[in-house]
Q: 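Below: one structure in structure tokens.
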Amino acid sequence: MTSMTESTMPTVPRGRGAQRVTQARVIRSEWTKLRTVPSSAWTLLITVAMVIGFGALYAGVRVTRPPHDAAGLASFDPTAVSLAGVQLAEISIGILGALLFTGEYATGTIRTSFAAVPRRLPVLWGKAIGFAIAVLTLTVPATFAAFLVGQSILSSGHLDTTLGQSGNARAVLGAALYLTAVGLFGLGLGAVLRSTAGAIGALFALLFAPQILVGFLPSSLSDHIYGYLPVPAGVAITNVRPDPSSLAPWTGFGVFCLYTAILMALAAWRLRHRDA
């Protein structure tokens, strides 16, 4: 009887035990989550549409309202016109970044993620790396397409420029890098606050409220502070003819990356020291 029971018991094939959790496997898992959730895919596509569509729309408006004097022509930045959609796209990409964490907290699936990866921090890095790759993959072609479409529209008013002009390629690529950094900024907020409403509210507050508040300060003081605020610092990399109060392109982008790194560090600390 015993031998019959033993003969009918299923056996576990050799070499098929539990797989070791590695960062590469966690990244692959988070990438699968990102690409299989319809809302994430749609948000990324909407972001691309904003970058290209609004840039083309704004270029069309500027053709009908060109600068009329020498000073206006000297300050006119055709690359910035083409990349005007980045200012809208940063909202959608930042919100999507926040939802990558807050969505799992809202549904409770974050417990499953942490059960599979007890050390927790690989989940944060996996989401960040997977999301950054996805955003860069889509926004680099989108910003270059926005530039080409915008310049083709501006050419009808002889206001266009070329990618080979000094600073243009850096600005176009920098726009994609900036959107990626904003996405990670939102992801960090989501991991810290763990609330969808709280993270979205904080995203708007941190990105846009400082500029409003600094506007109430005397110009002698605000001109020195303005360039270090999150959005002005980040978008400095997208400007070919920057405002005098702006930081240098890569310096400004570095400042924004520092803000993002601080949020990611806070997120890592909270994941290590607070329960899900």
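As the structure is a prediction and not an experimental result, all values here were calculated from the model.
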Q: Could you check whether any side-chain N or O of N168 sits under 3.5 Å from a backbone N or O of T162, counting only pairs where one atom can act as donor and the other as acceptor?
A: yes

Q: Locate the shortest heavy-atom distance separating A176 from T143; write the atom from each residue and the value.
A: N-CG2, 3.8 Å

Q: According to a hydrophobic-cluster definition based on side-chain heavy atoms being under 4.5 Å apart (Ile, Leu, Val, Met, Phe, Trp, Tyr only), do W31 and V37 belong together?
A: no

Q: Taking all non-hydrogen atoms of both residues into account, name the closest pair between Q23 and P122 and its distance.
A: NE2-O, 3.0 Å

Q: Tell me, do L88 and T47 make a side-chain contact under 4.5 Å, heavy atoms counted?
A: no

Q: For the residue pair L159 and P66, what are the closest heavy atoms and their distance?
A: CD1-CB, 4.0 Å

Q: Hey, does the side chain of Q151 reach the backbone of S82 with a donor-acceptor pair shorter than 3.5 angstrom?
A: no

Q: Quick one: do L206 and F101 end up in the same hydrophobic cluster if we chain Ile, Leu, Val, Met, Phe, Trp and Tyr together by side-chain heavy atoms under 4.5 Å apart?
A: yes

Q: Report, as yes or no, whether the 6.0 Å neighbourhood of atom CZ on R241 holds more than 12 heavy atoms from other residues, nucleotides or ligands.
A: yes

Q: Got I95 and F204 here, is their nearest side-chain heavy-atom distance under 4.5 Å?
A: yes

Q: Answer yes or no: is there a donor N or O on one side and an acceptor on the other, between the side chain of R272 and the main chain of R119, under 3.5 Å?
A: no

Q: In terms of hydrophobic clustering (I, L, V, M, F, W, Y; side-chain heavy atoms under 4.5 Å; direct or indirect links), are I46 and L44 co-clustered?
A: no

Q: Regarding S92 and T43, is there a side-chain donor-to-acceptor distance under 3.5 Å anywhere?
A: no

Q: Given I93 and F131, is the side chain to side chain contact (heavy atoms under 4.5 Å, CB included) satisfied, shown in steps?
A: CA-CA 10 Å; I93 209 69; F131 186 47; 4.2 Å; yes

Q: Rounded to the nearest 0.5 Å, how far apart are CG of L177 and CH2 of W250?
A: 5.5 Å

Q: What is the minimum heavy-atom distance between V192 and A267, and which atoms define it?
A: CG2-N, 3.5 Å

Q: Drop me the distance from Y178's OH to F256's CZ, to the nearest 0.5 angstrom.
A: 5.0 Å

Q: Is a side-chain N or O of S245 found less than 3.5 angstrom from the main chain of G227, in a donor-acceptor match?
A: no

Q: Check K127, E30, E104 against S113 for a side-chain hydrogen bond (donor to acceptor under 3.5 Å, both in side chains) and give me the one that passes.
A: E104

Q: Is it the case that the side chain of R194 and the backbone of T102 share a donor-acceptor pair, with hydrogens and angles ignored and the cut-off at 3.5 Å?
A: no

Q: Linking I/L/V/M/F/W/Y whenever their side-chain heavy atoms sit closer than 4.5 Å, directly or via other members, would L45 and F144 fall into one cluster?
A: no

Q: Is any side-chain heavy atom of F185 closer than 4.5 Å to a side-chain heavy atom of L203?
A: yes

Q: Can you tell me how far apart OG1 (T32) and CZ (R35) are? Round to the nearest 0.5 Å.
A: 5.0 Å

Q: What distance separates L83 CG from Y58 OH, expressed to the nearest 0.5 Å?
A: 12.0 Å

Q: Going from OG1 on T180 to CG on L184, what distance comes out if it is rounded to the nearest 0.5 angstrom?
A: 7.0 Å

Q: Could you check L163 against V172 for side chain to side chain contact (heavy atoms under 4.5 Å, CB included), going step by step and ending with a plain yes or no?
A: CA-CA 9 Å; L163 199 59; V172 174; 4.1 Å; yes

Q: Is S29 reaching over with its side chain to a backbone N or O of R25, donor-acceptor style, under 3.5 angstrom?
A: no

Q: If you compare all heavy atoms of P210 against all heavy atoms of A205, which two are closest, and at what distance to 0.1 Å?
A: CD-O, 3.0 Å

Q: Shortest non-hydrogen contact from A171 to T79?
A: CB-CG2, 3.9 Å

Q: Roughly how far apart are F208 CZ and Q87 CD, rounded to 0.5 Å?
A: 9.0 Å

Q: Name the orientation class of the two ring planes belonging to Y105 and F114 (parallel below 30°, tilted from 30 to 60°, perpendicular beyond 60°).
A: perpendicular

Q: Go through the steps for D160 and S152 under the test side chain to side chain contact (heavy atoms under 4.5 Å, CB included), then give the verdict.
A: CA-CA 7 Å; D160 58 313; S152 68; over 6 Å; no

Q: Is the closest side-chain heavy-atom distance between N239 and P249 below 4.5 Å?
A: no

Q: Within the distance-only criterion (no hydrogens, no angle test), does the side chain of R62 pair as donor or acceptor with the backbone N or O of V81 below 3.5 angstrom?
A: no

Q: Using the rule that two of Ile, Leu, Val, Met, Phe, Trp, Tyr join whenever any of their side-chain heavy atoms come within less than 4.5 Å, decide whether I91 and L179 are in one cluster.
A: yes

Q: Should T238 and R170 be marked as a side chain to side chain contact (heavy atoms under 4.5 Å, CB included) after you check the CA-CA gap, both sets of side-chain angles, and the distance that decides it?
A: CA-CA 7 Å; T238 71; R170 181 261 304 155; over 6 Å; no

Q: How about L229 and P232: do any of their side-chain heavy atoms sit closer than 4.5 Å?
A: yes

Q: Would the number of heavy atoms belonging to other residues, nucleotides or ligands and lying under 6.0 Å from OH of Y228 be above 12?
A: no

